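Source: prediction; values computed, not measured.
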Amino acid sequence: MIDVHCHLQFKAFENDYATVIKDALEAGVTNIVNTGTQLSSSRNAVAFAEQYDYLFAIVGVHPHHADKIQNDPEVVEETEGKENIKKETNIKPDYWLEELEKLTKHPKVLAIGEIGMDYYSYKSNGTVDPELQKQIFIQQIELAHKVKLPLQIHNRLAGEDVIKILKEHKHLLLNNPGMFHCFAGTKEVLHDALNLGFSIGFDGNSTYKGLAPGETVELQELAKLTPLDRILVETDAPYLAPIPHRGERNEPKYVILTAYFLAECKKITFEELVEQTDKNVYTLFKRFEQ
């Protein structure tokens with residue numbers, strides 16, 4: 001059982017990540033993929049992958065951070081203490097992209113992500129300028145094409161625009177182009193994503209009843225419509241803990257609870273779902289060591 005998207009490098013796990021990893025392995029999780037959301041968390045995802053044989057990394061800039069791409073702690077540290085020099089002075093416009101490309105060279109980096117578009121208004125950040133989001137998204141699609149890695153897509157309330165951008169850049173996508181992380185959206189967006197060749201990730205929120213704010217189709221229905229050979233299971237820990245742990249800190253071990261729920265949706269056994277979804281991971285991520 002593989003958790004194909006979580007964030008063990010986030011602050012929520014800074015005091016007990018080793019225990020969280022141990023608990024996941026003892027529960028039956030075989031591998032965990034940590035996904036970055038900016039340069040710092042992408043670097044840390046790679047560091048975790050270097051520390052643990054059964055951890056892998058995905059690196060990229062989340063649309064929520066598209067307006068903060070030059071805020072690199074490593075560069076800030078270099079400029080501290082220098083008089084009359086702003087902290088961002090030494091950062092070239094494409095510095096973040098060059099640094100991201102360096103990270104993709106690591107053999108345990110599986111994909112570029114999580115990247116995409118997000119129109120949700122966050123209390124801490126509002127909504128990042130959609131045009132800026134689009135620019136950063138496209139630059140990372142181009143990078144993925146250059147380094148021959150699949151995409152891990154983030155979409156929140158922006159499905160139609162994400163699909164439009166992917167269609168406009170279809171010539172840059174791999175034959176197995178990637179996955180939509182934590183899928184939500186309309187049946188039309190699901191249909192288009194599948195037609196483009198993407199796999200679909202489902203998380204603990206698929207166990208919740210009712211509609212998420214702004215959505216029109218329940219996640220259970222979308223899971224039923226997704227072919228089994230395109231489904232991936234993930235936690236997005238520390239977020240979106242499945243029932244009965246909703247509202248608590250999510251952990252990779254809970255990917256098993258989501259898998260049981262998805263097996264019920266698909267009317268198959270848990271073992272059948274795990275066998276196929278693990279196979280889907282190996283098919284999508286060519287660098288994954290079984």
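Using a cutoff of 4.0 Å between basic side-chain nitrogens and carboxylate oxygens, E221 and K187 are scored as salt-bridged. The pair E251-R249 meets the salt-bridge criterion, with a side-chain N (NZ, NE, NH1 or NH2) lying under 4.0 Å from an Asp/Glu carboxylate O. Ion pairing between D192 and K167 holds under the 4.0 Å rule for side-chain N and carboxylate O. Remark: K146 does not engage E142 in a salt bridge, criterion side-chain N to carboxylate O under 4.0 Å. The pair E168-K164 meets the salt-bridge criterion, with a side-chain N (NZ, NE, NH1 or NH2) lying under 4.0 Å from an Asp/Glu carboxylate O. Looking at E272 and K266, no side-chain N of the basic residue comes within less than 4.0 Å of a carboxylate O on the acidic one, giving no salt bridge.
Under the 4.5 Å side-chain criterion, counting only non-hydrogen atoms from C-beta, L262 is in contact with T258. Residues F202 and L232 form no side-chain contact, since every pair of their non-hydrogen atoms from C-beta on lies 4.5 Å or further apart. Side-chain contact between L222 and F183: present, with at least one pair of heavy atoms (C-beta onward) separated by less than 4.5 Å. By the 4.5 Å heavy-atom criterion applied to side chains, L39 and Y95 are counted as neighbours.
At a cut-off of 3.5 Å, with distance as the only test, no side-chain donor of Q133 or D129 sits close to an acceptor on the other residue.
Under a 3.5 Å cut-off, the side chain of N250 and the backbone N or O of T235 do form a donor-acceptor pair. For the pair E215 (side chain) and A212 (backbone), a donor-acceptor distance under 3.5 Å is absent. A donor-acceptor contact shorter than 3.5 Å links the side chain of K68 to the backbone of H64. Without hydrogens or angle criteria, N44 side chain to Q9 main chain gives no donor-acceptor distance under 3.5 Å. Side-chain atoms of R246 do not come within 3.5 Å of backbone N or O of Y208 as any donor-acceptor pair. Judged by distance alone, with hydrogens and angles left aside, the side-chain atoms of N31 form no donor-acceptor pair with the main-chain N or O of I2 at under 3.5 Å. Proximity of a side-chain donor or acceptor of K253 to a complementary backbone N or O of D23 within less than 3.5 Å is not detected.
Below 30°, between 30° and 60°, or above 60°: for H7 and F10 the angle between ring planes is below 30°, a parallel geometry. Ring pair Y254/H245 is parallel by interplanar angle, where below 30° counts as parallel and above 60° as perpendicular. Taking the six-membered ring where the residue is Trp, F56 and F288 present parallel rings, their angle staying beneath 30° rather than reaching 60°. Taking the six-membered ring where the residue is Trp, H154 and H62 present tilted rings, their angle falling between 30° and 60°.
The line from CD1 of I115 to OG1 of T35 is 11.5 Å long, rounded to the nearest 0.5 Å.
Under the side-chain hydrogen bond (donor to acceptor under 3.5 Å, both in side chains) test applied with K102, the options E99, H106, E98 reduce to a single match, E99.
Heavy atoms only, all atoms of each residue included: I256 and A27 are closest at CD1-O, 3.0 Å.
Annotation for E275: atom CD does not count as buried by contact number, only 12 or fewer foreign heavy atoms lying within 6.0 Å.
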